[in-house]
*Asks:* 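I'd like to ask some things about the structure below.
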Amino acid sequence: METGFLQNFWQYAYFLAAVTIVFSIKWLSSPTTARRGVIAGEIGFALAVVGTLLRAGMTNYTQIVIAMIIGAAIGAPMALLMPMTAVPQFTALSHAFGALAAALVGTAEYYKGAPPTGAEMVALTIEVLLGYLTFTASIMAFAKLQDLIPTRPMTYKGQNFVNLALLALAAGIGVWMIVAPTPAWAYPVFIGLSLLFGVLLILPIGGGDMPTVIALLNSYAGASACAMGFALNNQMLIIAGATNAASGFILSVIMCKAMNRSFTNVLFGAFGQVQAADKTKAAAKPVRSATAEDAAMILANAQKVIIVPGYGMAVAQAQHKVRELTDQLVKRGVDVQFAIHPVAGRMPGHMNVLLAEADIPYDRLHEMEDINNEFSEADVALVIGANDVVNPAARHDKSSPIYGMPILDVDKAHTVMVIKRSMNPGFAGIENELYYNDKTLMLFGDAKAFVSEIVKEVAAQAPVAA
Ligand code: NAP
């Protein structure tokens, strides 16, 4: 009886793991339940690993333990030391490892005994193709985001044709291997083409689109793991891989929508090379700048303030100072709300994570579509290190690379204040007409230092009358 339970334990573990992983994704979709989602995901994957280790036929525990120790020795310090702003590139790196693992398992299966045939070979071919191309594409994405290679799109004439021809050739060899016995060189060539396609796929994509591409690569890695599940007849891999593939795909669709871009535009559009800012225009136009004291005076006397955080707040790690400012203003009876653009920062949910870390209550955080019509009633829109997501050119300038991207309508507020260090452009590399608007005050400085100054100045203001 007891032996039966132990023998079948992996089945119970897989079932529980599948349920926990699905709930984990559900809970991760809201900041209030996100922590529970992370814990559920960890429990789910731990169950899947333990279940697999206890499956019949597992004998090589020493090798497995050594591999786990090496993996943990690399992964744990990476997670602990990685700054928040580097999450996109490290996510790319972890996809690279996951995809390589799937591809290597597929390769081992292929060479183990007689090459597989039929449905198993179909699954294996998909697994290996997606696994190897995701591996090199993710390494390239990591290198671009980490500035190890130029982030600008690298393009040449006929590039899309070359890429598609290469993919077709790899797919052709894959089909050949499925339907007929192939010569010994076919499989290594298939692997080589998959690896090369991954590199060429990323070359024409600019650093700007890399987070979207990473979500897509996440989806490919999941699809590869799912195919591996079919090849190895492992239900857990099928469920986890399919969930991963679907969620990565949905995420990339959401990101494309938030930037008003199509998939083909992200993959083939070479975004990032046409946005050279018109520096002459920038130099010619005057801007109004103000001090922390001016800003504090305006904020302390406002009734409604909407704060718009962006990438600069993340770089400066200003979220705790922003929390102090919020507290000070709320104490004075000011209605303070936060407007969160879906692609503010460098990864989905970037701003939510930082503001949650600083204990800013969730009910003050509003999605773009929920808060956009409130800007016209706001006395102040305080933009902290955001740029592209508040650029009005997206609404009317058809020649702008961000034309059509939904933006936060900060220019509808009575007064706009922008904290940033210089007139330099943001991620898309384009000038922002908001800074030249008559109602805009530029607050030049590092976000953390400047907000800190404002907090001191607000605290020094006369207390509010009871
Ligand atoms: P942004 O357009 O990149 O602008 C950030 C601004 O922060 C810069 O103009 C910079 O100006 C300022 N800054 C940098 N360091 C600062 C510091 N220490 N203190 C104060 N300011 C600082 O950022 P965003 O408005 O958040 O827009 C995000 C961009 O990333 C969009 O173009 C979006 O499409 C893209 N993107 C996002 C995602 C995502 O998932 N979130 C994915 C793909 C692409 P100074 O240098 O003058 O200080």
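Source: prediction; values computed, not measured. One-based numbering, in listed order, for ligands and for the atoms of each.
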*Asks:* So, does Q337 use its side chain to make a donor-acceptor pair with the main chain of I371 at under 3.5 Å?
*Replies:*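 No; zero donor-acceptor contacts below 3.5 Å.
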
*Asks:* Mind jotting down which residue pairs meet the side chain to side chain donor-acceptor pair (under 3.5 Å) criterion with at least one end in residues 300-317? Sequence neighbours excluded, please.
*Replies:*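 Side chain to side chain donor-acceptor pair (under 3.5 Å) check on residues 300-317 returns K304-E374, Q317-Q319.
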
*Asks:* Can you produce the list of protein nitrogen or oxygen atoms under 3.5 Å from a nitrogen or oxygen of ligand 1, alongside each distance?
*Replies:*
from: ligand 1; atom 1: 2 (O); to: D388; atom 2: N; distance (Å): 2.9
from: ligand 1; atom 1: 2 (O); to: D388; atom 2: OD1; distance (Å): 3.4
from: ligand 1; atom 1: 2 (O); to: D388; atom 2: OD2; distance (Å): 3.1
from: ligand 1; atom 1: 2 (O); to: F427; atom 2: N; distance (Å): 3.4
from: ligand 1; atom 1: 3 (O); to: R346; atom 2: NH1; distance (Å): 3.1
from: ligand 1; atom 1: 3 (O); to: R346; atom 2: NH2; distance (Å): 2.9
from: ligand 1; atom 1: 3 (O); to: F427; atom 2: N; distance (Å): 2.9
from: ligand 1; atom 1: 7 (O); to: G312; atom 2: N; distance (Å): 3.4
from: ligand 1; atom 1: 7 (O); to: G385; atom 2: O; distance (Å): 3.1
from: ligand 1; atom 1: 9 (O); to: N387; atom 2: ND2; distance (Å): 3.0
from: ligand 1; atom 1: 11 (O); to: K420; atom 2: NZ; distance (Å): 3.4
from: ligand 1; atom 1: 15 (N); to: R421; atom 2: NH2; distance (Å): 3.3
from: ligand 1; atom 1: 18 (N); to: D446; atom 2: OD1; distance (Å): 2.9
from: ligand 1; atom 1: 19 (N); to: A447; atom 2: N; distance (Å): 2.9
from: ligand 1; atom 1: 25 (O); to: N387; atom 2: N; distance (Å): 2.7
from: ligand 1; atom 1: 25 (O); to: D388; atom 2: N; distance (Å): 3.3
from: ligand 1; atom 1: 25 (O); to: V389; atom 2: N; distance (Å): 3.4
from: ligand 1; atom 1: 26 (O); to: Y311; atom 2: N; distance (Å): 3.0
from: ligand 1; atom 1: 26 (O); to: G345; atom 2: N; distance (Å): 2.9
from: ligand 1; atom 1: 30 (O); to: G345; atom 2: O; distance (Å): 3.3
from: ligand 1; atom 1: 30 (O); to: R346; atom 2: NH1; distance (Å): 3.2
from: ligand 1; atom 1: 32 (O); to: D388; atom 2: OD2; distance (Å): 2.6
from: ligand 1; atom 1: 40 (O); to: M347; atom 2: N; distance (Å): 3.4
from: ligand 1; atom 1: 40 (O); to: P348; atom 2: N; distance (Å): 3.2
from: ligand 1; atom 1: 41 (N); to: V343; atom 2: O; distance (Å): 3.0
from: ligand 1; atom 1: 41 (N); to: A344; atom 2: O; distance (Å): 3.2
from: ligand 1; atom 1: 41 (N); to: G345; atom 2: O; distance (Å): 3.3
from: ligand 1; atom 1: 41 (N); to: M347; atom 2: N; distance (Å): 3.1
from: ligand 1; atom 1: 41 (N); to: M347; atom 2: O; distance (Å): 3.3
from: ligand 1; atom 1: 46 (O); to: R421; atom 2: NH2; distance (Å): 2.8
from: ligand 1; atom 1: 47 (O); to: K420; atom 2: NZ; distance (Å): 3.0
from: ligand 1; atom 1: 47 (O); to: S422; atom 2: N; distance (Å): 2.9
from: ligand 1; atom 1: 47 (O); to: S422; atom 2: O; distance (Å): 3.1
from: ligand 1; atom 1: 47 (O); to: S422; atom 2: OG; distance (Å): 2.6
from: ligand 1; atom 1: 48 (O); to: R421; atom 2: N; distance (Å): 2.9
from: ligand 1; atom 1: 48 (O); to: R421; atom 2: NE; distance (Å): 2.8
from: ligand 1; atom 1: 48 (O); to: R421; atom 2: NH2; distance (Å): 3.4

*Asks:* Holding to salt bridge (charged side-chain N to carboxylate O under 4.0 Å, His left out), I want the full list of residues that pass it with K456, two or more places apart in sequence or in another chain.
*Replies:*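 With neighbours one apart ignored, the set is E453.
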
*Asks:* Taking side-chain contact (heavy atoms from CB on, under 4.5 Å) as the definition, give me every residue that meets it alongside A171, ordered by chain and number, with sequence neighbours left out.
*Replies:*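 Counting only residues at least two positions away or on another chain, A171 forms no side-chain contact (heavy atoms from CB on, under 4.5 Å).
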
*Asks:* Any non-hydrogen side-chain atom of L133 less than 4.5 Å from a side-chain atom of L129?
*Replies:*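 Yes. Closest side-chain heavy atoms under 4.5 Å.
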
*Asks:* Kindly say whether A394 contributes a backbone atom to a donor-acceptor pair with the side chain of N391 at under 3.5 angstrom?
*Replies:*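 Between the backbone of A394 and the side chain of N391 there is no qualifying donor-acceptor contact (under 3.5 Å).
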
